[in-house]
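Inspection log for the structure reproduced underneath, given as structure tokens.
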Amino acid sequence: ESYNELMFDLLTDVGVSEQSGDLHVVEDAKGSIQVKGLSNPIASSEEEALHLFFQGDTNRHVAEHALNKGSTRSHCVFTIHIECRSRVESNEKVIFSKMNLVDLAGSERVK
């Protein structure tokens, strides 16, 4: 979560209010962009992945304003790395995928 120019880990056991917000975006040796110090939990089922998603969503900064009583006040990126392999074939072909879910603060509109 990016809030007031600070970055917070929404999936750690340490509450957001107890974090310093000093996580930093870095480029690793392979040219991949990472957030240094961010937790990277592994889910082995859809149920575990949904639990992590809802845990992160619950920990976000939220406030009320004229358009929305539960408006998120931060930008948030939830990245899911998916590894798929056959349960039947012994000569396993592994498929790797990556999905980013992004929510930007202040994106409400009046219709």
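Residues Ala43 and Ala49 approach most closely at CB-N, 3.5 Å, considering heavy atoms. Residues Gly56 and Leu10 come closest through the heavy atom pair O-CD1, 3.4 Å. Scanning both residues, Leu23 and Lys36, for their nearest heavy atoms gives CD2-O, 3.3 Å.
Going from atom CD of Glu1 over to atom CE of Met7 covers 10.0 Å, rounded to the nearest 0.5 Å. The line from CD of Glu27 to CD1 of Ile33 is 4.5 Å long, rounded to the nearest 0.5 Å. The CG atom of Leu11 sits 10.5 Å away from atom CZ of Phe53, with the distance rounded to the nearest 0.5 Å. Here NE2 of His81 is found 6.0 Å from CG of Asn40. Values are rounded to the nearest 0.5 Å. Considering OG1 of Thr12 and CD of Gln19, their distance stands at 6.0 Å, rounded to 0.5 Å. Remark: Cys76 SG to Asp57 CG distance equals 7.5 Å, nearest 0.5 Å.
The hydrophobic cluster containing Val25 also contains Leu38, counting ILVMFWY residues as joined when their side-chain heavy atoms lie under 4.5 angstrom apart, directly or transitively. The cluster map of Ile, Leu, Val, Met, Phe, Trp and Tyr, joined by side-chain heavy atoms under 4.5 Å apart, puts Leu101 and Leu50 in the same cluster. In this structure, Met99 is a member of the same hydrophobic cluster as Phe78, with clusters built from ILVMFWY side-chain heavy atoms closer than 4.5 Å.
Atom CD1 of Ile42 has 12 or fewer heavy atoms from other residues, nucleotides or ligands within 6.0 Å. No more than 12 heavy atoms of other residues, nucleotides or ligands sit less than 6.0 Å from atom NE2 of His51. Around atom CG of Asp13, no more than 12 heavy atoms belonging to other residues, nucleotides or ligands sit under 6.0 Å away. The 12-atom threshold is exceeded at CD of Glu83, counting heavy atoms of other residues, nucleotides or ligands nearer than 6.0 Å.
No side-chain heavy atom of His24 sits less than 4.5 Å from a side-chain heavy atom of Val35. For the pair Phe54/Asn59, no side-chain contact is recorded, criterion being any heavy-atom separation below 4.5 Å from C-beta on. When side chains are defined from C-beta on, Lys98 does not count as touching Ile80, because their heavy atoms never get closer than 4.5 Å. In this structure, Gln55 and Leu52 have side chains that are in contact, with non-hydrogen atoms separated by less than 4.5 Å.
Judged purely by atom type and a 3.5 angstrom limit, Glu48 uses its side chain to pair as donor or acceptor with the backbone of Ser44.
Using modelled atom types, one finds a donor on one side chain and an acceptor on the other under 3.5 Å when comparing Ser32 with Gln34.
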